[in-house]
Trainee: 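Before I ask anything, here is the structure I am working with.
Proteins come first, then strands; the chains are lettered A, B, ... in the order of their sequence lines, and each starts at number 1.
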Amino acid sequence: MDMVWIAIGVAALLITVLAMGTWVFAALVIAAMGSLWWLGGFELDRIGLIFSRILYRAGNSWELSAIPLFILMGELIFRSNVSERLFKGLTPLTRPLPGGVLHTNVFGCALFAAVSGSSAATTATIGKITSRELANRGYDRDLSIGSLAGAGSLGLLIPPSIVMIVYGVQAEVSISKLFMAGVIPGLLIALLYSGFIILRSMLKPHLAPRQTGSEVGIWQALTLLTPVVALITIVIGSIYSGIATPSEAAAVGVAATLGLLALERQLTLPMLLDALKGTLISATMVCSLLVTAMLLSTAMGYLHLPRELAAWIAAQQFTPMALLMALAVFYIVLGLFLDGISITVMSLPITLPIVILAGFDPLWFGVFLVIMVELGQITPPVGFNLFVLQGMTGENIGRVAWASAPFFLLMCLAAALISVWPQIALWLPTLLAS
Amino acid sequence: TRLDFSNEYNANSIHAQGDAYFIEQVRELTDGEVDITLHTGGALGFKSGDHFYAVADNAVQIADTLSGTMSGIDPIFLLSSLPFLVDGVDEARQLYEIARPYYDEVFEDNDQVLLYASPWPASGIWSREAVTSSESLQNLKIRTFDRNGTETLRNAGAAPVSLSWADVVPQLATGGINAVLTSAEAGANASFWEHQQHFSGIQYAIPLNMVHMNRNAFESLSSDQQEALREAARRTDEHNWQAVRERTVSNYGTLEENGVSIHDPVSADFQQALSEAASPVISGWQDDMGERGQEILETFHNGQTP
Amino acid sequence: MIGWLATLSRGLNRLAAGVAILLILYMFGHIILEIVLRLFGHSTFILDEYIGYAVAAMTFLGLPYVLEKNGLIRVALVLDRLPGKWHWPLELLIAVTSFAAFGWLSLFWWQNVVRSYQRGITSDTLAETPLWVPEGIVLLGLWLLCFTLVVRSLQLVTKRSRHTHPAQ
Ligand code: NA
Ligand code: NA
């Protein structure tokens with residue numbers, strides 16, 4: 001099959017350019033251009049015309065504004081004592097739990113996922129708030145990075161979610177029902193992650209040292225948590241009251257954070273400027289990757305790669321469960337290289353009809369697909385959560401990916417669970433519809 | 001010959017299905033010599049707003065483009081979405097046929113060939129409370145899709161809001177907006193009935209999508225193949241104008257099944273008030289267009305067919 | 001000469017980064033304004049259009065500065081294992097190929113911006129924004145990025161040493 005060779009060619013090209021040490025954003029552009037020239041036989045002029053327009057189009061995206069603004073929110077919190085107080089408050093509350101405040105990564109991401117529709121923003125914001133505190137407290141770095149990478153991708157499964165909106169529009173499935181269907185699988189994944197942290201901490205207690213030192217009482221602990229709880233309540237409240245759209249929630253988050261810091265007299269001009277500078281660096285890094293990754297998607301589109309691979313699967317006459325396995329492999333492979341929205345729009349015209357024909361509920365399939373897309377966020381070479389964490393921690397991508405590997409496997413387990421018991425996803429929307 | 005065809009809509013949409021019909025016709029007429037691949041959902045990375053020059057530059061060979069998104073290039077592309085100009089599919093088609101030579105000219109001047117049009121089912125108002133009179137429109141927070149709609153509804157006393165399509169359903173669910181100006185079709189695809197129980201068929205407009213092709217790509221085909229493409233385009237035009245009628249009927253059926261009250265037609269008073277609100281928009285367009293606009297509208301109002 | 005170019009490039013990049021920071025503040029302000037206006041049944045009508053321009057402008061104007069500050073991630077597996085004397089040729093190869101790619105794209109984007117300007121193409125929105133403005137800002141960012149890469153290549157050639165240690 002030609003397509004297999006083309007796929008191997010694209011992968012080899014990208015990996016070579018990346019391994020040389022090219023900046024990832026430039027490597028994506030070079031690999032995209034190279035693929036069309038080398039494997040697609042496109043003229044260089046046409047490549048220039050195609051990609052210059054795509055570069056502008058991909059950057060010119062209103063939904064992306066949530067990234068700089070949520071990062072700004074994280075930078076502001078990072079520079080105040082809000083995160084320190086959060087951890088002081090959480091420490092006594094989580095003491096009986098093996099893993100202690102490490103669970104903040106998981107439940108912080110799950111909670112933040114309720115305001116953010118993207119995984120990069122979730123990882124960047126929660127990571128900024130938790131990673132320093134966790135390092136100071138002597139928690140294992142791999143466990144800390146891996147749980148952030150894994151739980152950060154919950155931004156896509158717990159509503160609101162950009163990928164779910166794209167799926168809903170493409171598959172003509174109710175977006176409200178999709179949002180509801182994502183909640184329980186999202187919580188299930190969070191519980192699996194917490195369970196894994198508990199297990200690891202019980203087997204190797206040095207990974208999550210028991211916190212000692214200044215004791216605070218339960219009431220004082222709750223007081224310390226108030227600012228974060230207030231922030232989250234305001235942002236979630238602004239969405240569910242209809243005051244702000246999910247795309248606007250990030251600006252509400254910045255406003256609430258600024259208000260809180262001003263109220264507590266922690267806001268100074270140098271601190272604000274410092275936060276803005278930090279925001280520019282992280283936001284440019286993340287946005288430039290999201291933009292240039294679109295070029296690789298476009299190249300794959302012109303090479304007809306995803307659709308022909310999907311068509312090959314469609315032609316195999318698989319049994320329903322075999323089909324699901326084949327699609328899982330297909331989506332995990334695409335997820336190595338492509339972003340979630342591209343995966344969704346490129347594959348659906350072919351995969352959705354065969355999935356429906358095999359008797360699966362399109363609502364359920366939406367949840368399955370989003371989990372597949374989440375997996376792609378934490379697989380190298382192109383994994384946005386990995387990129388965010390590499391930028392934030394300075395660890396190389398290999399280590400970040402390795403630290404995320406157990407969480408990747410747990411998410412695969414979650415996909416298997418919802419395949420065996422589709423009710424995990426369908427129960428809530430059915431309940432609320434009746 | 002392999003050609004790529006970009007389209008922003010989902011595979012079941014009336015536009016994608018029309019495009020699939022065209023591709024099938026081309027395949028038959030050329031015995032599979034011309035192989036066109038449709039990329040739905042904007043899978044190549046282009047949005048409607050990018051298509052005009054993407055096709056002119058041969059970045060992509062064929063594209064299906066919402067006419068209004070090209071209005072910054074030439075105001076003629078606002079014609080089909082002018083509010084309350086046509087009162088149904090027949091008139092919309094008549095207007096399209098009158099304007100076709102003018103459309104052809106703009107595409108020709110930009111190294112392109114206009115193949116066929118793909119009409120939308122008529123736009124109306126989806127709402128929580130019935131919108132059947134001017135009073136019920138007062139201060140209504142309604143999402144509009146272009147500047148004509150914003151101006152017209154503001155003139156009519158409503159409070160139009162611009163939102164990206166992705167934000168519409170969350171805003172409907174939370175009551176951030178109360179109504180949406182769009183077709184029964186678009187609302188049905190997004191299950192609007194979960195939050196909106198009324199649809200007013202005000203016959204706002206029947207906007208067109210244009211399907212256009214790079215001229216070099218077209219002319220590098222053999223003359224038989226070119227004729228085959230033209231024939232396929234003619235058939236698809238015919239097919240699409242028929243399909244939009246069928247869609248309107250089937251959409252209303254779907255709405256009724258889902259408990260949406262359909263108000264169609266609305267009272268003559270209301271229709272009259274809406275038309276008055278639209279008249280500055282139409283005359284403003286005519287000013288932008290100059291002579292061409294006058295010619296088109298005169299021919300249309302005189303009921304002549306080209 | 002190269003020292004002077006490097007100073008110029010650094011200065012321009014700082015300036016662009018300053019504009020990018022202002023754009024972040026602008027995004028925040030415009031979204032909050034829209035939320036407040038909507039409460040009163042009003043709208044700016046251009047929120048998604050202008051925020052879209054701002055995101056693109058922020059990304060491309062910020063890029064050269066962040067590149068210069070080593071804020072862009074890379075995979076340093078090969079670089080870190082290579083003997084020291086091979087570092088600068090590899091760094092040079094990376095800078096030159098990146099320049100070639102972005103230079104090629106900016107060439108075609110330049111033609112597009114010129115066309116938008118000459119034909120007076122506007123957006124399809126109420127604002128009827130001349131498209132060459134937002135398109136031109138992105139072009140400016142691409143040019144600055146190319147300039148930064150050229151300066152970097154020249155420095156690598158003249159100093160024959162790894163110009164900057166990779167951040168990771
Ligand atoms: Na979310
Ligand atoms: Na990946």
Trainee: Which atoms form the tightest heavy-atom contact between Pro160(B) and Ser43(C), and what is the distance?
Mentor: O-CB, 4.0 Å

Trainee: Decide if atom OH of Tyr117(C) counts as having more than 12 heavy atoms of other residues, nucleotides or ligands within a radius under 6.0 Å.
Mentor: no

Trainee: For Arg119(C) versus Asn110(B), what's the shortest heavy-atom pair and its separation?
Mentor: NH1-OD1, 2.6 Å

Trainee: Using a cut-off of under 4.5 Å on heavy-atom pairs, state which of Thr144(B), Asn148(B), Asn139(B), Thr150(B) scores highest against chain C.
Mentor: Thr150(B)

Trainee: Do other residues, nucleotides or ligands put more than 12 heavy atoms under 6.0 Å from the CD atom of Glu219(B)?
Mentor: yes

Trainee: With rounding to the nearest 0.5 Å, note down the distance linking CZ in Arg38(C) to NZ in Lys141(B).
Mentor: 7.5 Å

Trainee: Which value, rounded to the nearest 0.5 Å, describes the distance between Ile46(C) atom CD1 and Ser162(B) atom OG?
Mentor: 8.5 Å

Trainee: Chain B heavy atoms under 4.5 Å from Leu37(C): which part of the residue, side chain, backbone, both or neither?
Mentor: neither

Trainee: Could you tell me whether the side chain of Leu126(C) reaches within less than 4.5 Å of the side chain of Glu151(B), counting heavy atoms only?
Mentor: yes

Trainee: How many angstroms lie between atom CD1 of Ile51(C) and atom OG of Ser164(B), to the nearest 0.5 angstrom?
Mentor: 11.5 Å

Trainee: Heavy atoms, side chains only, cut-off 4.5 Å: are Ile121(C) and Tyr53(B) in contact?
Mentor: yes

Trainee: Answer yes or no: are there more than 12 heavy-atom neighbours, outside Gln111(C) itself, under 6.0 Å from its atom CD?
Mentor: yes

Trainee: What distance separates Asp48(C) CG from Leu163(B) CG, expressed to the nearest 0.5 Å?
Mentor: 8.0 Å

Trainee: Decide if atom CH2 of Trp110(C) counts as having more than 12 heavy atoms of other residues, nucleotides or ligands within a radius under 6.0 Å.
Mentor: no

Trainee: Select one option (side chain, backbone, both, neither) describing which atoms of Leu78(B) are under 4.5 Å from chain C's heavy atoms.
Mentor: neither

Trainee: In this structure, are over 12 heavy atoms from other groups packed under 6.0 Å from Arg14(C) atom CZ?
Mentor: no

